[in-house]
Amino acid sequence: AVTINCRDTKDEKQIQEEDNSFYQKIKQQTKPIIANDIPDSYGNIEPALEPVWALAVVGSSYIMWEKSTENLGYSMAQVKSVKQWIRKDDSIEFDYTVLLHEIPTQEMISCHMRVIWLPGHPLKVKYFCASENQWFEEASGMGSGSAAGISHEKEENF
């Protein structure tokens, strides 16, 4: 039997406020965010890039869920690159290249991931991982999404 106890560290209102603050900051920018190596080689993340990192963690969690087996697990090790796409609608969109640490093999798997997000709506994720004979997967799921929660939905264009 498995017993799991979870305790929320933030209440729903605080999560929504943080999501909306991040969202407003991103939407007000005139230049797209472009960054590499998050965290850097010393494990540091610039405070301005922490929400971008958080979205990568949420998006990559679906990849890790899909790829995990009884014998293999994954964690996101690093965002190798990220580029924001300026959209005409209300959503925000990022292209990521992330490195997933495969356990127990210790391999680093490179995945390209596109994340589209609007607070209060499901997170949309598509990805392509280059390690296992060049395969493509499309993430999908149900529920609402935020930078503080995990949810995924299909998107028509990659």
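What's counted below: heavy atoms across the whole structure, side chains too, no hydrogens, waters or symmetry copies.
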* Structure fact -> Looking only at heavy atoms, the pair that brings Val115 and Gly59 closest together is CG2-CA, 4.4 Å
* To do: Decide whether Trp85 and Tyr96 are clustered together by the hydrophobic rule: side chain heavy atoms of Ile, Leu, Val, Met, Phe, Trp, Tyr closer than 4.5 Å, transitively.
  => no
* To do: Give the minimum heavy-atom separation between Ala48 and Pro51, together with the two atoms involved.
  => O-CD, 3.7 Å
* Report yes if the side chains of Leu72 and Ile103 come closer than 4.5 Å at any heavy-atom pair, otherwise no. => no
* Asked: Thinking salt bridges, do Asp95 and Arg114 make one under a 4.0 Å N-O criterion?
  -> yes
* Any chance you could lay out the side-chain contact (heavy atoms from CB on, under 4.5 Å) test for Phe94 and Ile26, step after step, and finish with the verdict? => CA-CA 11 Å; Phe94 291 93; Ile26 295 298; 4.2 Å; yes
* Any Ile109 side-chain heavy atom under 4.5 Å of Leu99 side chain -> no
* To do: Using atom types as modelled and distance alone, determine if a side-chain donor or acceptor of Ser68 lies under 3.5 Å from a backbone N or O of Trp65.
  => no
* Asked: Between the main-chain N or O of Pro32 and the side-chain N or O of Gln84, is there a donor-acceptor pair closer than 3.5 Å?
  -> no
* Structure fact -> One should read off an interatomic distance between Gln16 CD and Gln14 CD, to the nearest 0.5 angstrom, of 11.0 Å
* Give the minimum heavy-atom separation between Ser91 and Tyr23, together with the two atoms involved. => N-OH, 4.5 Å
* Asked: Salt bridge or not for Asp89 and Arg87, using N-O below 4.0 Å?
  -> yes
* **Residues, nucleotides or ligands: over 12 heavy atoms within 6.0 Å of Lys27 NZ** => yes
* Asked: Roughly how far, to the nearest 0.5 Å, is OH of Tyr74 from CG of Leu100?
  -> 8.0 Å
* To do: Would you name the heavy atoms of Gln29 and Lys25 that are closest together and state the gap between them?
  => CG-O, 3.3 Å
* Any side-chain heavy-atom pair of Asn36 and Ile38 under 4.5 Å -> no
* **Closest heavy-atom pair and its distance - Ala77, Pro39** => O-CD, 3.9 Å
* **Spatial distance of atom CE (Met76) from atom OG (Ser61) [nearest 0.5 Å]** => 9.5 Å
* **Test salt bridge (charged side-chain N to carboxylate O under 4.0 Å, His left out) applied to Asp90 - qualifying residues, sequence neighbours left out** => none
* To do: Working to the nearest 0.5 Å, report the span between CD of Gln78 and CH2 of Trp53.
  => 7.5 Å
* Asked: Hey, is the main chain of Glu17 close enough, under 3.5 Å, to the side chain of Ser21 for a donor-acceptor pair?
  -> no
* Quick one: are Leu55 and Ile92 in side-chain contact, heavy atoms under 4.5 Å? -> yes
* Thr30: what forms a side chain to side chain contact (heavy atoms under 4.5 Å, CB included) with it, not counting sequence neighbours? -> none
* State, yes or no, whether a side-chain contact exists between Asp19 and Trp117 at a heavy-atom distance under 4.5 Å. => yes
* Determine, step by step, whether Leu49 and Glu46 satisfy the side-chain contact (heavy atoms from CB on, under 4.5 Å) criterion, reporting the C-alpha distance in whole Å, the side-chain angles of both residues, the deciding distance to 0.1 Å, and the verdict. => CA-CA 5 Å; Leu49 295 175; Glu46 291 180 38; 4.2 Å; yes
* Rounded to the nearest 0.5 Å, what separation is found between the CD atom of Gln106 and the NE2 atom of His101? -> 3.5 Å
* For Asp37, what residues pass the salt bridge (charged side-chain N to carboxylate O under 4.0 Å, His left out) criterion, not counting sequence neighbours? -> Lys80
* What residue among Ser110, Ser81, Cys111 forms side chain to side chain contact (heavy atoms under 4.5 Å, CB included) with Val98? -> Cys111
* To do: Give, for atom CE of Met113 and atom SG of Cys129, the distance between the pair rounded to the nearest 0.5 Å.
  => 9.5 Å
